[in-house]
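Since the structure comes first, as structure tokens, the remarks are kept for the end.
Because the structure is predicted, anything quoted here is derived from the model rather than measured.
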Amino acid sequence: MTHQIDPRKLVRWLGPDGARAGLMQSKQITIDVLRQIAECLDIKLPEKTKREGWIDEIVKIASRRIDKPLDELFEMDERALLDYFERLEVEPAELLDILKELDISPRREGRRRLLEFAARELSETGRFMRIVGSQSRNSESQDLGTRSGKRDATKRESQDA
């Protein structure tokens, strides 16, 4: 079987997890076919790499949305880069990979902003859940109180009779 699979298209259609699962389950996609696909993506792995290793690397590379070389990215100003990243809907993991290649790690302030964002989102979601939870408990206790009151009135009526 010759390689006729566009791994980038496969990942865009199925998402990384779907593409990974499909490649893992396929009886038609042999290790040799995976090697051919990897070669088209300029992936070089040791010969003894297992099927899962080939698939993980293929999906990782095929998931990349940034299609410009680093030299071209270096020539762009901040606004142009931001527009480009937004247009491509680049995932944070891909940006972090590029920064790691350059031995650049996000500054402490970037990490701090991420921590603050995560803390704020979790806190607000938790507050919402607590409000909804307390409202449902209050309505349940009111329902119980109403039912209990009706039972008491029914008991009194039967006792009076």
Side-chain angles (χ1 to χ4, degrees), residues 1-140:
M1 173 181 192
T2 59
H3 153 290
Q4 299 173 351
I5 297 168
D6 180 347
R8 287 185 170 89
K9 205 176 267 188
L10 185 67
V11 169
R12 290 218 169 70
W13 287 343
L14 304 176
D17 292 336
R20 188 174 286 110
L23 291 171
M24 282 298 290
Q25 295 300 316
S26 175
K27 303 293 185 221
Q28 301 295 313
I29 307 294
T30 63
I31 293 281
D32 288 335
V33 172
L34 291 172
R35 285 186 184 126
Q36 289 174 11
I37 295 169
E39 190 176 301
C40 292
L41 295 170
D42 292 325
I43 297 171
K44 296 181 184 8
L45 294 174
E47 279 294 313
K48 293 184 178 185
T49 302
K50 294 184 179 184
R51 178 182 188 84
E52 190 173 336
W54 286 104
I55 290 171
D56 286 344
E57 196 62 23
I58 288 169
V59 169
K60 176 184 168 189
I61 299 302
S63 296
R64 289 187 179 163
R65 295 180 183 223
I66 297 173
D67 55 1
K68 295 181 186 270
L70 276 176
D71 293 344
E72 245 182 274
L73 295 176
F74 288 145
E75 292 175 15
M76 299 168 74
D77 67 15
E78 185 178 348
R79 184 73 229 163
L81 282 165
L82 188 57
D83 290 343
Y84 174 68
F85 293 153
E86 286 178 342
R87 187 175 76 250
L88 293 179
E89 298 177 358
V90 174
E91 296 291 328
E94 185 175 355
L95 293 173
L96 288 173
D97 284 345
I98 288 175
L99 294 174
K100 282 180 192 174
E101 284 178 35
L102 300 171
D103 265 346
I104 300 171
S105 60
R107 288 189 223 133
R108 192 139 185 85
E109 67 195 44
R111 182 177 181 280
R112 180 69 186 171
R113 285 187 187 148
L114 175 61
L115 293 174
E116 289 171 354
F117 173 76
R120 184 176 55 250
E121 290 300 310
L122 288 168
S123 172
E124 288 175 5
T125 301
R127 185 175 340 127
F128 174 76
M129 292 171 70
R130 287 189 298 275
I131 290 169
V132 169
S134 69
Q135 287 176 347
S136 66
R137 281 193 298 274
N138 287 343
S139 66
E140 285 174 11

Looking only at heavy atoms, what is the nearest atom pair of Leu23 and Val59, with distance?
-> CD1-CG2, 4.3 Å
Could you give me the CA-CA distance, side-chain angles and deciding distance for Glu57 and Ile61, then say whether side chain to side chain contact (heavy atoms under 4.5 Å, CB included) is met?
-> CA-CA 6 Å; Glu57 196 62 23; Ile61 299 302; 4.0 Å; yes
Atom NZ of Lys48 and atom NZ of Lys50: how far apart are they, to the nearest 0.5 Å?
-> 11.5 Å
At their closest point, which heavy atom of Glu101 faces which heavy atom of Leu70, and how far apart are they?
-> OE1-CD1, 4.2 Å
Would you find more than 12 non-hydrogen atoms of other residues, nucleotides or ligands less than 6.0 Å from Lys68 atom NZ?
-> yes
Should the heavy atoms of other residues, nucleotides or ligands under 6.0 Å from CD of Glu89 be counted, would the total exceed 12?
-> no
If every non-hydrogen atom of Val11 is compared with every non-hydrogen atom of Ala62, which pair is closest and at what distance?
-> CG2-CB, 3.8 Å
How long is the span from the CG atom in Leu81 to the CG atom in Asp77, to the nearest 0.5 Å?
-> 7.0 Å
Tell me, yes or no, whether the heavy-atom count around Glu121 atom CD, taken from other residues, nucleotides or ligands under 6.0 Å, exceeds 12.
-> yes
Distance col, row Arg65:CZ vs Leu95:CG, nearest 0.5 angstrom, shows 11.5 Å
Can you measure from OG1 (Thr125) to CZ (Arg130) and round to the nearest 0.5 angstrom?
-> 10.0 Å
Worked verdict on Ile31 versus Thr49 for side chain to side chain contact (heavy atoms under 4.5 Å, CB included) = CA-CA 9 Å; Ile31 293 281; Thr49 302; over 6 Å; no
Shortest non-hydrogen pair, Arg35 vs Glu47, comes out as NH2-O, 3.0 Å
Decide yes or no on side chain to side chain contact (heavy atoms under 4.5 Å, CB included) for Ile66 and Phe85, but give the supporting numbers first.
-> CA-CA 8 Å; Ile66 297 173; Phe85 293 153; 3.7 Å; yes
How about Glu78: does its CD atom have over 12 heavy atoms from other parts shown lying under 6.0 Å from it?
-> no
Euclidean distance, Leu41 CG relative to Arg8 CZ, rounded to 0.5 Å = 5.0 Å
Which atom pair, heavy atoms only, marks the closest approach of Leu14 to Ala19?
-> CB-N, 3.7 Å
How close do Gly53 and Leu45 get, heavy atom to heavy atom, and via which atoms?
-> O-CD1, 4.0 Å
Validation row: Arg20, Asp17 side chains within 4.5 angstrom (heavy atoms) | yes
Rounded to the nearest 0.5 Å, what's the gap from CD on Gln36 to CD1 on Ile29? Could you check?
-> 9.5 Å
Should Val33 and Trp54 count as side-chain neighbours, where that means a heavy-atom distance under 4.5 Å?
-> no
If you measure from the Lys or Arg side-chain nitrogens to the Asp or Glu carboxylate oxygens, is any gap between Asp56 and Lys60 under 4.0 Å?
-> no
